[in-house]
2 protein chains.
Amino acid sequence: MSFYDFLQNEGIQIEKDIGEHIFRQGDVDTSLYFINSGLLKAYYLSDEGKESIKSFLSHKDIIGSLASAYLGEPCSFGLLCLQPTRLTKISFSALREYSHKDVSVANEVIDVLLQFSMKKEKREFEFLCLSAEQRFSLLVKNTPHLIEKITQNDLARYLGVTPVGLSRIKKRVYESDLLS
Amino acid sequence: MSFYDFLQNEGIQIEKDIGEHIFRQGDVDTSLYFINSGLLKAYYLSDEGKESIKSFLSHKDIIGSLASAYLGEPCSFGLLCLQPTRLTKISFSALREYSHKDVSVANEVIDVLLQFSMKKEKREFEFLCLSAEQRFSLLVKNTPHLIEKITQNDLARYLGVTPVGLSRIKKRVYESDLLS
DNA sequence: CATACGTTTTAACCTCGGTTAATGCGTGTT
DNA sequence: AACACGCATTAACCGAGGTTAAAACGTATG
């Protein structure tokens, strides 16, 4: 038994179109979602209406609200399709039950969580140690394909600046590129 | 068999004094450390000499470089004692071996990783969505005991501002508190 | 006591990014 | 073709925080 067998056996296939939500901020959703294809954004919405993007998700990513699945809290963020998306929905508690019975599934879950933790540590590092301009340049270097698929509004809200701010950053970066 | 049995049986007790390092940025260290007592800071040092503090660690926290333990990379941050500290050092790979043999240990590791992931997501949220002033106010509210133990220099580098900046933020916050 | 060292505050100046608003640029849609 | 709508850029103004340096505090240590 493996994690992917679990996905096959226990997962529910879901298809969503552009603009549709998987869940909304404030919902209780105790599922995890494995993305087969498409593109989504996980985003926070403040009381004042300011949107901030937590992450973009695509093929092979796994997403869900841990606080909701693990603690039963309402989701602190929403999950929205930017492209038509096929996902496999699984129950977090069912996965935990399997993990208690099956040591190899448990260890695959550990691997998933280790990958996830390292990803979050990397983002923490970027916010803590780098400027918005450095975060932008790094993103251009590391995931140029992603940048082509999303609007600059969304890219800005992912980097933690406004669209106006990102436009200025781009101008600075590309002008200094011309000199070198 | 439980995770704490593992700590007892396989762990090595370590004592360190103020100013001593557990490991330095750039080292390869494939251990995890359980903190019995004391206080540490995990911190990044940039090429230009700028320090940024990733986290403060104390009683019952677990720390280690995942990238180093899991992938064998050099540690991207260092770990330094701010108070005399007693730790239990365990081998990451030994823990992984135990997890492969013992389903209950594996599931405790899952719990540890879930807690860790939620902590990192919370910090991501704070950098992405909140101002330095809001992060400071939240820290005062949530962990007032920590603030008494560390210098304002370290607090600033944890919040992602300079000590000068934090001094201004404090002044603003306390002056607006007087009014209410 | 005197000195030295680290911490915190304050001040002056500057830079980056936020805000608002106007303009221009696609790309549908009717 | 005309219009509307969302996206991107630009400009003007503002504010938060960075930088540098000085001053005000401790609190060790000789």
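The chains referred to below are lettered A, B, ... by the order of the sequence lines, with proteins before strands, and numbering in each begins at 1. Bear in mind the structure is a predicted one, so any value in this text is a computation, not a measurement.
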Between [N] atom [atom2] and [X] atom [atom1], what is the distance in whole Å?
X        : N      : atom1 : atom2 : result
B/Arg135 : D/dG17 : CZ    : P     : 8 Å
B/Leu155 : C/dT7  : CG    : C1'   : 13 Å
A/Arg157 : D/dA8  : CZ    : C1'   : 12 Å
A/Leu82  : D/dC7  : CG    : P     : 11 Å
A/Gln152 : C/dG17 : CD    : P     : 15 Å
B/Ile169 : C/dT10 : CD1   : P     : 14 Å
A/Asn153 : C/dC25 : CG    : P     : 18 Å
A/Glu51  : D/dG6  : CD    : P     : 14 Å

Quick test of your reading of the model: are [X] and [Y] salt-bridged, counting only N-O distances below 4.0 Å?
X        : Y        : value
B/Asp111 : A/Arg96  : yes
A/Glu51  : A/Lys41  : yes
B/Arg135 : B/Glu126 : no

Under 4.0 Å, counting only non-hydrogen atoms across every strand here, what does B/Thr151 touch: a base, just sugar-phosphate, or nothing? sugar-phosphate

State yes or no: are the ring centers of A/Phe23 and A/Phe77 separated by less than 6.0 Å?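 Judged by ring-centre distance (under 6.0 Å), A/Phe23 and A/Phe77 do meet the cut-off.
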
With nearest nucleotides of DNA chain C determined for A/Val164 and B/Arg168 from heavy-atom distances, which residue corresponds to the more 5′ nucleotide? B/Arg168

Looking only at side-chain N and O atoms, does A/Lys170 come under 4.0 Å of OP1 or OP2 in D/dT9?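 For D/dT9, OP1/OP2 do have a side-chain N/O of A/Lys170 under 4.0 Å.
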
